[in-house]
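Heads up: the structure comes next, in structure tokens.
All values derive from a computational prediction rather than experimental measurement. Just so it is clear: chains get the letters A, B, ... in the order the sequence lines come, proteins before strands, and each one is counted from 1.
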Protein chains: 2
Amino acid sequence: MAEGTTGGEGLLFLTDEQLRKGIEAMFFAYRGFTADPDRILETMDYGRAHHRAIHFIHRSPGTTVSNLLAILGVTKQSLNRVLRSLIDDGLVEARVGKSDKRERNLYLTPKGQDLERQLSDAQRARMRAAYRAAGPAAVQGFRTVLEAMMDPEMRRQYQSLREGEK
Amino acid sequence: MAEGTTGGEGLLFLTDEQLRKGIEAMFFAYRGFTADPDRILETMDYGRAHHRAIHFIHRSPGTTVSNLLAILGVTKQSLNRVLRSLIDDGLVEARVGKSDKRERNLYLTPKGQDLERQLSDAQRARMRAAYRAAGPAAVQGFRTVLEAMMDPEMRRQYQSLREGEK
DNA sequence: TTGGAAAGTCAACAAGGCTGACGTAAATTC
DNA sequence: GAATTTACGTCAGCCTTGTTGACTTTCCAA
């Protein structure tokens, strides 16, 4: 039985030691997860905060500032600083809302899409390598545990982003 | 076939869309992962950096400052600031090395152990809940993918911390 | 005995979080 | 039509946690 994760009928025996290993796995893996984009970003004047904004604008083109605030979980002032530099540098475009003119709909410009592609290519390459090394069953489990680890509100955000998936 | 992760004989069909979902899963799950300790820490004057130091000193009592630097991947000055406050507040003790008096061996005081327990109890509770909700097979896969996602150097750190495990 | 490693410290700086306050335009409600 | 609420932007100031660079002290080892 591998690493004592299970007993007879799917009951889990979870020692503190096993849980601690999961915790450290998250810590070290997250470092790897962000390492490649971080390397690209530091050559420009951007950081992880810019990456996150770019990612979610790419994911949901036309999203509003409020939506982004909810997803990223930061303050308006903090996001604004990041968004400001992306708009000034011509990576993001903010169009006045059509039905509600108070809103700003956010889009990546071609230049923004270029950077998005660079960043996500790097991140996907690592993810793909990890998936291949681990195999299909592991991938399924990986996603299942991560989803269970999210706060309910974040899980909703995550799942709503997955709409349109088969 | 669940979510198209596999074809016939274990070959993975990984669309960009699937990889992106894995990326977002990491993002949202990491937020959940740190949420509980963060809530505890903010009531005191500590942050995530203090938590990391406490965690690894607890994990390897008597570890040196250099070891900690290698594991945490920050600069000496950055770690020193955190360590300084923990020592001043009586959570960590730095004993002059026995064989090499330049080294400082780090230990948690009883007060430090109290905080460590609070933090790890909270973090383990979430991890345990996620593990239970996902099931044993998923847990196995979770750990496998995370390990594959680490940088080789970090993987060694991770695995060396696991020595002594059966 | 001298070179270099380990550790600590001081100073300065930046990114990216935060709070609070204030302004404006647009939408909504009364 | 007036008052209120909403969405967004911005100014000012603070904190944590990362960085670089320079310098000192201690002390092991060649």
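- The only option from Arg31(A), Arg126(A), Arg48(A) that meets the salt bridge (Lys or Arg N to Asp or Glu O under 4.0 Å) definition with Asp38(A) turns out to be Arg48(A).
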Pick out the pairs of N or O atoms, protein on one side and nucleotides 17-21 of chain D on the other, that lie under 3.5 Å.
from    : atom 1 : to       : atom 2 : distance (Å)
dT17(D) : OP1    : Arg48(B) : N      : 2.8
dT17(D) : OP1    : Ala49(B) : N      : 3.3
dT17(D) : OP2    : His50(B) : ND1    : 3.2
dG18(D) : OP1    : Arg52(B) : NH2    : 2.5
dG18(D) : O5'    : Ser78(B) : OG     : 3.4
dG18(D) : N7     : Arg81(B) : NH2    : 2.4
dG18(D) : O6     : Arg81(B) : NH1    : 3.1
dT19(D) : OP2    : Thr75(B) : N      : 2.6
dT19(D) : OP2    : Thr75(B) : OG1    : 2.8
dG21(D) : O6     : Gln77(B) : NE2    : 2.9

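- Put simply, NZ on Lys101(B) is 12 Å from P on dA29(D), counting in whole angstrom units.
- Within the nucleic acid shown, Ser99(A) comes within 4.0 Å of sugar-phosphate atoms alone, with no base atom in reach, counting heavy atoms only.
- We find that CD of Glu103(B) is positioned 15 Å from C1' of dG4(C), with the value rounded to whole Å.
- Per the geometry, CD belonging to Glu42(A) stands 13 Å off C1' belonging to dA15(C), to the nearest Å.
- When the C1' atom of dT6(D) is taken as reference, atom CG of Asn67(A) falls 14 Å away, rounded to whole Å.
- Following chains of ILVMFWY side-chain contacts shorter than 4.5 Å, one cannot reach Ile87(B) starting from Tyr107(B), and the two form parts of different hydrophobic clusters.
- Applying the side-chain contact (heavy atoms from CB on, under 4.5 Å) test between Met150(A) and each of Phe28(B), Tyr30(B), Phe33(B) identifies Phe28(B) as the sole match.
- Partners of Ser120(B) by side chain to side chain donor-acceptor pair (under 3.5 Å), not counting sequence neighbours, listed by chain and number: Glu116(B), Arg124(B).
- Evaluation of the salt bridge (charged side-chain N to carboxylate O under 4.0 Å, His left out) rule for Arg95(B) yields Glu93(B) as partners, not counting sequence neighbours.
- Note on ring orientation: taking the six-membered ring where Trp is involved, the planes of Tyr131(B) and Phe142(B) are perpendicular (angle over 60°, cut-offs 30° and 60°).
- Spacing between atom CD1 of Ile87(A) and atom C1' of dT10(D) amounts to 13 Å, rounded to whole angstrom units.
- Counting atom types as modelled, Arg102(B) pairs no side-chain N or O with a base atom of dT26(D) as donor and acceptor under 3.5 Å.
- Between Arg104(B) and dA6(C) there is no side-chain polar atom (N or O) within less than 4.0 angstrom of OP1 or OP2.
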